[in-house]
Amino acid sequence: MSFFATLLFLILPVGESLHYTIHYGPFQVGTLDLMIKEMALIQEESCYHLVARLKSYPQYRFLFRIDDQLESYARCSDFATLKSIKRVWESGYQNLSQAEFDYSKMKVFYSDSGVFDIVPRTKDLLSTWYYFRTLNLKPNDTITVSVHMDKKNYQVEVVTVGPRDVSTKIGKMECLLVQPKLARQQDIGTVYLTNDEQKIPAMIKKRFAFGNIVAILTRIGG
């Protein structure tokens, strides 16, 4: 995409909440909530406070138990991550970590004292999903994003495909498919964004340690 094609054109709606049903094979096993909580000031920069919570249903605890939450403070101007908080509570494992992104030093500092190099405009997983919503996407666009996930850096190239119809609880939606171009790249998920100005994720597919899940939109709030 050209520079002008990637200019941010959408002001995201603060207070928006998107609710999804999680499918694991033929089973509905949990929920995903994506929320734009409020505007925040981090490092004297205006940011969106983004939250994602993935939770499994109690009846599937014999298979896996999940209650994960990811928070991202994404700079309004370019959706670079300034701060991220990750809480993992899965079967047999719990962890809480926080990362501060310092672009004056081009470093990310973790709460366990880990320090890693980053490049300008680096995004985490959650801010990357929302960043796609701000672009004037067209079919066959190619976008390269610098992503930092789990103490590793990736240059992720994605391509837009479509339009494609996606069936949700709200109804059938015409979407653009945003997917990683190369399978060997770190999985940031495959996102189906509505083919309109809002670019709402109607469906998200993501690979986890326990298998692939599909999140299908069921409700829009806020």
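Just so we're clear, the structure is a prediction, and the values are computed from it rather than from any experiment.
For the side-chain hydrogen bond (donor to acceptor under 3.5 Å, both in side chains) test with H148, the passing option among D117, N153, T122 is N153; the others fail. Screening M35, M39, K37 against V14 for a side-chain contact (heavy atoms from CB on, under 4.5 Å) leaves a single residue, M39.
Between Y110 and F116, the angle of the ring planes goes over 60°, which puts this pair in the perpendicular group of the 30/60° scheme.
Between R87 and D67 there is a salt bridge, since at least one side-chain N of the basic residue sits less than 4.0 Å from a carboxylate O of the acidic one. A salt bridge does not link D33 with K55: every distance from a Lys NZ or Arg NE/NH1/NH2 to an Asp or Glu carboxylate oxygen is 4.0 Å or more.
Counting only N and O atoms by type, the side chains of E100 and Q98 include a donor and acceptor under 3.5 Å apart.
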Next on the checklist: side chain to side chain contact (heavy atoms under 4.5 Å, CB included), that's the test. Do Y20 and I213 meet it? Break it down for me.
Outcome noted: CA-CA 12 Å; Y20 300 80; I213 67 168; over 6 Å; no
Item to check | Test log, rule side chain to side chain contact (heavy atoms under 4.5 Å, CB included), inputs H49 and V51 | outcome: CA-CA 7 Å; H49 180 197; V51 177; 3.7 Å; yes
Item to check | From CA spacing to verdict: side chain to side chain donor-acceptor pair (under 3.5 Å), Q155, S146 | outcome: CA-CA 5 Å; Q155 285 294 113; S146 300; 2.4 Å; yes
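Side-chain heavy-atom separations under 4.5 angstrom define the hydrophobic clusters, and the remaining members of the one that includes V88 are Y93.
Between F101 and Y73, a ring centre-to-centre spacing not shorter than 6.0 Å is recorded.
Figure legend: R75 and Y103 shown as a cation-pi pair, the cationic atom lying under 6.0 angstrom from the six-membered ring centre and within 45 degrees of its axis.
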